[in-house]
Amino acid sequence: MRKYSNLKASVAPMVLGLAMVSTPAFAQDQDVQEEVAAGESVIVVTGSRISNPNLEQSAPINVVSGDEIDLRQATNAEELIGELPGVSPGINGSVNNGSGGFATLNLRNVGSRRNLVLLDGTRLVPSSLSSQTDLNIIPIALVERVDIVTGGASSVYGADAIAGVANFITKRDFAGVDMAASFGMAEEGDGQRFRTDVTIGANFDDGRGNAVLSVGYQTVDPVLQGDRAISQKTLFIEGSEIGSGTSVPTRINGAQYDPATGSLVPTYNTFNFAPFNYFQTPLERFNVFGSARYEITDNVEVYTKAMFTKSTVSLQLAPSGLFGDTYQLPLDNAFLTPAIQAQLCARPSNAALIAGAGYANCGAAIADGFELPTTINRRLVEQGNRQTEYVTNQFQIWTGVRGNITDNIDFDVYGTYGESDRSQTRLNWGLKSRVQQALRTDDANTCSDTSSGCVPLNLFGDGQSITPAQAAFINAPSGQTVKTSLSVVNGSISGDLGSESFLFADTPIGFAVGAEYRKYTAAQLSDVASGTQDEVLGTGAPSPSFSGQYDVKEVFGELIIPIVENVPGIYNLTVEAGARYSDYSNSGGSTTWKAGGTWEPIEGYKIRGIYQHSVRSPNIGELFSPVVTGLTALAVDPCAGTNPVGNAALTAICIAQGAPAGSIGTIPVPSASQINATAGGNPNLGPETANSYTIGVVLTPPSVPGLTLTADYYNIKIKGAITTPTPGDILDPCYIDQLASACALIVRNPLNGSLNGGGDTPGLLLQLTNQGTIETSGIDLRLAYKLPTSFGKIGFDFNGNWTEQLKFQATPTSINRECLSYYGENCEPITPEFSFNMRTTVSIGETLDVSLLWTWIDAVSLEPLSGSFGGALDEYKTIGAYSYFDLTTRFSVTDNFEFTAGVQNLLDKKPPNVSSYVGSSTYNSGNTYPTTYDAIGRRFQVTGRLRF
């Protein structure tokens, strides 16, 4: 394989520079970072399948170098890229109520389904039903750098790379031993993090082969919201302290039990659920990664890779409860007091039911055990906190052969297969059917139905009435498993046409052609409880079992054509084009293509641009997920309380949506800022299309060595987008514009008129459709400069983003909602107009680095169209600009050992307080937005690394 190795010789020093562990100095890493930032040929590995280092690429690429990885002392892959400008928060370790047990990437805030996460340019098995990749499975110890492509990626890697690609590049030809251990904790003494990795690699057979094995273990301890001042109490949008109406003592039909009198009185006690939640979710992960290659001839190499990851993510919520669902309550329940029995009978709707059943009076109905539909709220504090554990087992194997067809043309054929198995186990949640069974009693010790060891449930006490035996009966564990698989076979030929070039260019034309077959399968396997609507208390939506699959056959090709070189006014002019035809078994054929070019009028001053057309087919979850009733965010219900009183038009709307006429004036407010929503997959979905372009400049003036400036304008527009409406897309047209079509998408609780309840309350109907449009645009700016000094050098690396717009329209009749610089229930996660990272590193010789990272987030405001806006406290309506500083020191103790120490959030900047009721619980939690702003506080971390 000598010819193949020689052909790559110009790329190899840069690609392998970070992998050489025998030299402990930091200069090599920084030199590679310089080359990458300056647009050197190492970046073509991700930007294109054409690997000729002399060809210019037009797609902008942001690179997280090995040096940056070391300075960040990251525990997870999400920490390497999640805080980059232009990357919006995905589901990560700061998400507790809304996490699926995995971490996602969300480029440009157009959704984590519209970007790809790759390992060495190949796809990873999805971890979710929506084809999202779990960043927790990336083997950080072997990552050499991360390339983030933000333009022209769909024709290279597939149409689901609409927003771009994050490609984690592993170290090639690693030889030696690399052992590292890292420990960190918050200044408060909690949130400990530990990571250790051992990597062993060796060349064999006179360099013809190489084998690497890396084993890692990581743990992250929790941080409770109750342990931070901002989140010890739950604050409402107008500043008052508020708790959940699912509390103790029990509430019946909106009135609360009074132990002193034995009767129902107006609500006097709510429940503070905030302290039980996590700001940092616990994680334990074990991973193994191995790779090997061998040159079977001078021109042919076989290779293989394999990875296995087991990760456990634990979530915690406040104790479960009976959250306002409707129960059939027997009037002869052993624990009902005479006062409550009389009050239930006197309720007008109940009196009508009793009379309609032929009973002469309440006493006769009680004697006969007549059952009344009753909404019950009771926090099951005796049962303990709700616990959810996600255990993911993922493996993937690759094997292939690559080599040279000629001195100028390479081939690569590989196959990969991976599986992900993510199991969810819930403890201390409780089952509704068991509660219903335990409400039907013969006496205080005997259920009417004694099956399954039923124990009568006493809901009437001061929070200590439920005995361990009663709790044990209703508290059966439940769970589900999500299984996914990916099969890929790929073959490609790439290289250049040798002497074939244009008249005014010496560099030959580069090309790549290939074909790929992929098959995806996914299944959700649930136990009976998890798959039944309303059965598991406090879960929101059920998770019925289902499965689906599809495959895709693709052919692709690329050309890079140097047009003119080294003539006056044109130092280099290159054009490129690429196309990919895809035949999906679920949506038919589609074509994705790109066209672009670069023009360098004089050396070091380059203009580049690329246009891309993408067609994304719906994934398994979007197609086949069952339609179920779950939860969505809403702080203010226009029909709640006294809002409709005296307003005939509003009263009519509320009644038409299913609210009983007698409930007007007393409809409960949304429970914990959440209401019911009914949504699911749609098998009639078609592909969505996207057009995007970038145009920018790359300045590397020869007169200023070490200086690189890149600025790229990007524009993405997605039509026929697969989307669901936001709550505001339904509520505003209904209650403001009084559109009957919008009001018909709101269905209320038939007993009390609220938008909360069980399966009898669909709430908002949020069906997936192809009617959406998404638009975003802005500018990425990168400035890097190395200044030699008498003692070493000073490095500056500025990475910034200005977002021009971020618009979302769910349907043609919905608001074309601008979410830039806004937060709220319709605009999450947060996208600031401006943001940047600025790293300044002072290197003293080759033994000491002192580095300061400045992260800046522009000011944002509460969305004016949010239903929360009118009643929000003024200080909750804006968040000022935020600056965070991280200080890291790295010291080469010996030739083989280095020590790194860092302080994150150096100035201990406190998070903004905006209440817990302006957005969804996924992102707005603990009275702040912990995925955007640091809610944990100052943290310390140290790392020791031994290499030989």
Side-chain angles (χ1 to χ4, degrees), residues 1-2 4-5 8-9 11-33 35-36 42 45 64-75 77 80 119-120 138-146 168-182 195-218 286-295 301-308 398 843 845-849 890-900 942-948:
M1 184 112 181
R2 306 306 181 202
Y4 176 73
S5 300
K8 305 299 181 186
V11 179
M14 288 173 287
V15 177
L16 300 179
L18 295 178
M20 305 308 291
V21 299
S22 58
T23 304
F26 309 125
Q28 280 191 347
D29 285 349
Q30 292 170 343
D31 289 342
V32 171
Q33 186 181 15
E35 292 168 344
V36 170
V42 66
V45 175
V64 179
S65 69
D67 199 50
E68 181 70 17
I69 292 172
D70 290 344
L71 290 171
R72 284 184 178 267
Q73 302 181 83
T75 304
L80 299 180
L119 188 71
D120 293 328
I138 303 295
I140 295 298
L142 273 179
V143 173
E144 178 180 82
R145 70 179 194 276
V146 187
F168 290 82
I169 308 296
T170 59
K171 300 170 184 177
R172 176 179 164 86
D173 283 349
F174 179 90
V177 178
D178 188 335
M179 297 183 293
S182 177
R195 174 187 157 198
T196 183
D197 299 279
V198 178
T199 303
I200 302 173
N203 296 314
F204 58 89
D205 196 7
D206 195 26
R208 296 177 68 91
N210 177 267
V212 178
L213 177 67
S214 180
V215 180
Y217 177 77
Q218 303 85 32
F286 172 78
N287 59 271
V288 180
F289 181 89
S291 66
R293 63 168 187 84
Y294 186 73
E295 300 173 12
E301 177 181 84
V302 293
Y303 62 94
T304 186
K305 293 186 294 186
M307 64 185 296
F308 170 79
W398 294 258
S843 300
E846 296 185 353
T847 59
L848 178 65
D849 285 341
R890 183 172 54 180
F891 180 63
S892 182
V893 180
T894 69
D895 288 346
N896 302 103
F897 181 73
E898 67 184 33
F899 178 79
T900 305
V942 295
T943 301
R945 188 172 187 179
L946 180 65
R947 297 180 286 189
F948 54 86

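Residue indices begin at 1 and follow the sequence shown.
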- Message: Can you give me the closest heavy-atom contact between Leu80 and Val64, atom names plus distance?
- Response: O-CG2, 4.1 Å
- Task: Using a strict 4.0 Å threshold on nitrogen-to-oxygen distance, state whether Arg72 and Asp70 make a salt bridge.
- Result: no
- Interatomic distance, CZ@Phe948 vs CZ@Phe897, rounded to 0.5 Å, equals 12.5 Å
- Message: Apply side chain to side chain contact (heavy atoms under 4.5 Å, CB included) to residues Tyr294 and Phe204 and explain how you reach the verdict.
- Response: CA-CA 9 Å; Tyr294 186 73; Phe204 58 89; 3.5 Å; yes
- Message: Working note: Thr943 + Thr900, criterion side chain to side chain donor-acceptor pair (under 3.5 Å); need CA distance, chi angles, decisive distance, verdict.
- Response: CA-CA 5 Å; Thr943 301; Thr900 305; 5.6 Å; no
- Message: Run Val288 and Leu213 through side chain to side chain contact (heavy atoms under 4.5 Å, CB included) and show every step you take.
- Response: CA-CA 7 Å; Val288 180; Leu213 177 67; 3.8 Å; yes
- Is the shortest heavy-atom distance from the side chain of Arg945 to the side chain of Phe899 under 4.5 Å? no
- Task: From the options Leu946, Thr199, Thr196, select the one residue that forms a side-chain contact (heavy atoms from CB on, under 4.5 Å) with Met179.
- Result: Leu946
- Item | side chain to side chain contact (heavy atoms under 4.5 Å, CB included) between Gln218 and Ile140, worked out | CA-CA 11 Å; Gln218 303 85 32; Ile140 295 298; over 6 Å; no
- Note on the structure: Closest non-hydrogen atoms of Ser843 and Asp849, given as atom of the first, atom of the second and distance, are OG-OD1, 2.7 Å
- For Asn203 against Ala175, the heavy-atom pair lying closest together: ND2-CB, 3.8 Å
- Query: Is the closest side-chain heavy-atom distance between Phe308 and Asn287 below 4.5 Å?
  - Reply: no
- Stepwise salt bridge (charged side-chain N to carboxylate O under 4.0 Å, His left out) test for Asp120 and Arg172: CA-CA 10 Å; Asp120 293 328; Arg172 176 179 164 86; over 6 Å; no
- Less than 4.0 Å between a side-chain N and a carboxylate O, is that true for Lys171 and Glu144? no
- Yes or no on side chain to side chain contact (heavy atoms under 4.5 Å, CB included) for Val212 and Ile200, after CA distance, side-chain angles and deciding distance? CA-CA 6 Å; Val212 178; Ile200 302 173; over 6 Å; no
- Evaluate salt bridge (charged side-chain N to carboxylate O under 4.0 Å, His left out) for Arg890 paired with Glu846, printing each intermediate quantity in order. CA-CA 10 Å; Arg890 183 172 54 180; Glu846 296 185 353; over 6 Å; no
- Message: Looking at Glu898 and Arg947, is there a salt bridge between them, counting it only when a charged N and a carboxylate O are closer than 4.0 Å?
- Response: yes
- Query: Any side-chain heavy-atom pair from Trp398 and Leu119 closer than 4.5 angstrom?
  - Reply: yes
- Message: Could you tell me if the side chain of Val143 sits less than 4.5 Å from the side chain of Ile69, heavy atoms only?
- Response: yes
